[in-house]
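Here's the structure, in structure tokens; my notes come after.
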Amino acid sequence: MAQQPLDPRAVPVTLEKASDRGGAITRSETWRRFELFDPAAPPPKPPSGAPLLLIPVVVTALVVVAVVRSMLVRALLPLAIAMAAIAVWMQRSRRRARAEREREQKRSLVLTGSELLFSPGGAGEPLPMMDLTASFGATLLSTHRRDRLVLMLTTEHGAFHVGTQIDAPPSPALTPLFARATTIAGEDAAFEAIGPDGDPVLLSPEGLAAFVDVLSKRDPACLDRVVVTDTRGGKVMLDGGHLRVDSLAFDLTAPLEWRALVFQEPFGQVMTLYQGTWIRQNGSEVVLVSLLPSLGPILDVEPGEIASLDRAVLRDLRLMQATAEVPPPREQRHAIERLMMMPIRSSLDRAPRKSRLPIPQRTPLH
């Protein structure tokens, strides 16, 4: 049975601690905290019914006013009711303060005005995960069955994943996120979304939707941006209608040529399989490459399931198809994290295409 999610609301508070990175954060700077969801945690306790305790007190008071004729009792009765109300109010205040202290002890993501922090909970200091003042990408990735979803945050310094728990049926809050998600296959580790403390980084569905909404308001272009550094240290950046690979720039609003490919090369005594995306425009030519997850089926699709897949998944399934070719020249290759390959291909697929040229000689994969 699925656990009830924690309260996903982002609570504005005032930052009391200083950042350890390059100077302190102003104490008056407001930030938003998103509690991380713990699937193993017990469901939250229902709200206290303390105000209901006043009902019998009020009823008793009305009966006393109607029956008792003593002026002293009538005079003291409002005071007794007021004291009972104050006691209930103080009890609720103490519970709210205790609940807030417990919230501060939980693992969370913190968005300040300048960075994303990961708070491990307890007495642990928040860890800086992403600089919000620099260009960053926020890419949604999903399985073809839409049973797993992760937000991949990318900067030139690395990637950070934020996941969610999806029950059946999925929360309506995830519908707009699935509409923007790119389908990936054979990458189960990506959906684990492990934090710096070794535990999963999971938001409730409503929390993830709110988190994406806040990021997109900070930088509306982040959902169409991917930032990565290749193995040579060069910057690879997809930003809306532009793709930059190190010193080369490609305009995705102008005609270009591209195709998906796979190839193999020996690595010592082992034959290694690679996937690649070849791109050419106005004399600039590159091949983005990464390791190929496997030679098995791209997706584990049951018979008849294809008909139930939505249009976006079918598009991504088409983009996963690649032809076997001879290895491209090494000087054209730029090795990137393989999770970045499909979002880049999706953007290339929307770009105008030049007339197809003959595909280079293919080589069978053994």
Side-chain angles (χ1 to χ4, degrees), residues 1-17 19-21 25 30-45 96 98-132 136-143 147-155 158-167 170-174 177-178 181 188-218 222:
M1 184 169 130
Q3 299 287 339
Q4 293 295 322
L6 299 174
D7 183 0
R9 292 173 297 178
V11 182
V13 275
T14 302
L15 187 61
E16 297 292 343
K17 296 181 180 180
S19 171
D20 294 330
R21 188 186 65 180
I25 299 175
T30 58
W31 52 292
R32 299 190 69 178
R33 181 168 60 87
F34 295 82
E35 289 182 24
L36 292 178
F37 172 65
D38 183 3
K45 296 180 180 179
R96 282 196 297 266
R98 183 169 62 251
E100 184 59 32
R101 287 194 300 270
E102 292 175 353
R103 285 171 60 90
E104 294 294 338
Q105 295 297 314
K106 294 175 181 176
R107 299 167 72 245
S108 59
L109 296 178
V110 180
L111 281 173
T112 75
S114 58
E115 61 185 345
L116 169 66
L117 305 175
F118 169 79
S119 176
E125 290 291 325
L127 304 174
M129 303 306 300
M130 188 173 69
D131 183 5
L132 296 178
F136 67 91
T139 306
L140 289 158
L141 304 174
S142 173
T143 59
D147 55 357
R148 306 187 78 178
L149 179 70
V150 70
L151 176 68
M152 179 176 62
L153 300 172
T154 56
T155 71
F160 181 64
H161 294 182
V162 182
T164 188
Q165 176 168 297
I166 300 177
D167 297 322
S171 168
L174 298 179
L177 302 188
F178 280 131
D188 290 344
F191 293 105
E192 297 300 328
I194 302 300
D197 57 357
D199 290 327
V201 178
L202 298 176
L203 293 173
S204 68
E206 294 77 12
L208 181 62
F211 185 70
V212 172
D213 181 65
V214 172
L215 287 177
S216 62
K217 288 179 178 177
R218 294 277 185 94
C222 70

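In this text, all values refer to a predicted model and were calculated from it rather than measured experimentally.
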Under 3.5 Å donor-acceptor, His161 side chain and Met152 backbone: no

Distance in Å, Ser204 OG paired with Gln165 CD, rounded so as to fall on 0.5 Å steps: 10.0 Å

Side chain to side chain donor-acceptor pair (under 3.5 Å) against Asp199, all qualifying residues, sequence neighbours excluded: none

Lys106 vs Leu36, side-chain contact (heavy atoms from CB on, under 4.5 Å): CA-CA, chis, key distance, verdict: CA-CA 8 Å; Lys106 294 175 181 176; Leu36 292 178; over 6 Å; no

Student check: side-chain heavy atoms of Val214 and Val212 closer than 4.5 Å: no

Salt bridge (charged side-chain N to carboxylate O under 4.0 Å, His left out) involving Asp197 - partner list, sequence neighbours excluded: Arg107

Heavy-atom side-chain contact between Leu174 and Leu149 under 4.5 Å: yes

Partner set under ring pair (Phe, Tyr, Trp, His ring centres under 6.0 Å) for Phe211, not counting sequence neighbours: Phe34

Residue pair Pro205 / Leu208, side-chain heavy-atom distance below 4.5 Å: no

Residue pair Gly163 / Ala193: nearest heavy atoms and the distance that separates them: N-CB, 3.6 Å

Audit row: Leu109, Phe118, side-chain contact (heavy atoms from CB on, under 4.5 Å) steps and yes/no: CA-CA 5 Å; Leu109 296 178; Phe118 169 79; 3.9 Å; yes

Chi angles and distances behind the side-chain contact (heavy atoms from CB on, under 4.5 Å) call for Phe178, Ile166: CA-CA 12 Å; Phe178 280 131; Ile166 300 177; 3.6 Å; yes

Results of side chain to side chain contact (heavy atoms under 4.5 Å, CB included) for Leu202 - residues two or more places apart only: Phe37, Pro39, Pro200

Side chain to side chain donor-acceptor pair (under 3.5 Å) against Ser142, all qualifying residues, sequence neighbours excluded: Arg146

Gap separating the CE atom of Met130 from the OG1 atom of Thr154, nearest 0.5 angstrom: 8.5 Å

Nearest-0.5 Å distance that lies between atom CG in Leu127 and atom CG in Leu117: 8.5 Å

OG on Ser119 to CE on Met129, rounded to 0.5 Å: 12.0 Å

Student check: side-chain heavy atoms of Phe160 and Leu116 closer than 4.5 Å: yes

For Arg33 against Val110, the heavy-atom pair lying closest together: CG-CG2, 4.3 Å

Side chain proximity check, Val150 to Val162, heavy atoms < 4.5 angstrom: no

For Thr155, side chain to side chain donor-acceptor pair (under 3.5 Å) partners two or more places apart: none

Close side-chain approach of Leu215 to Leu153, heavy-atom, < 4.5 Å: yes

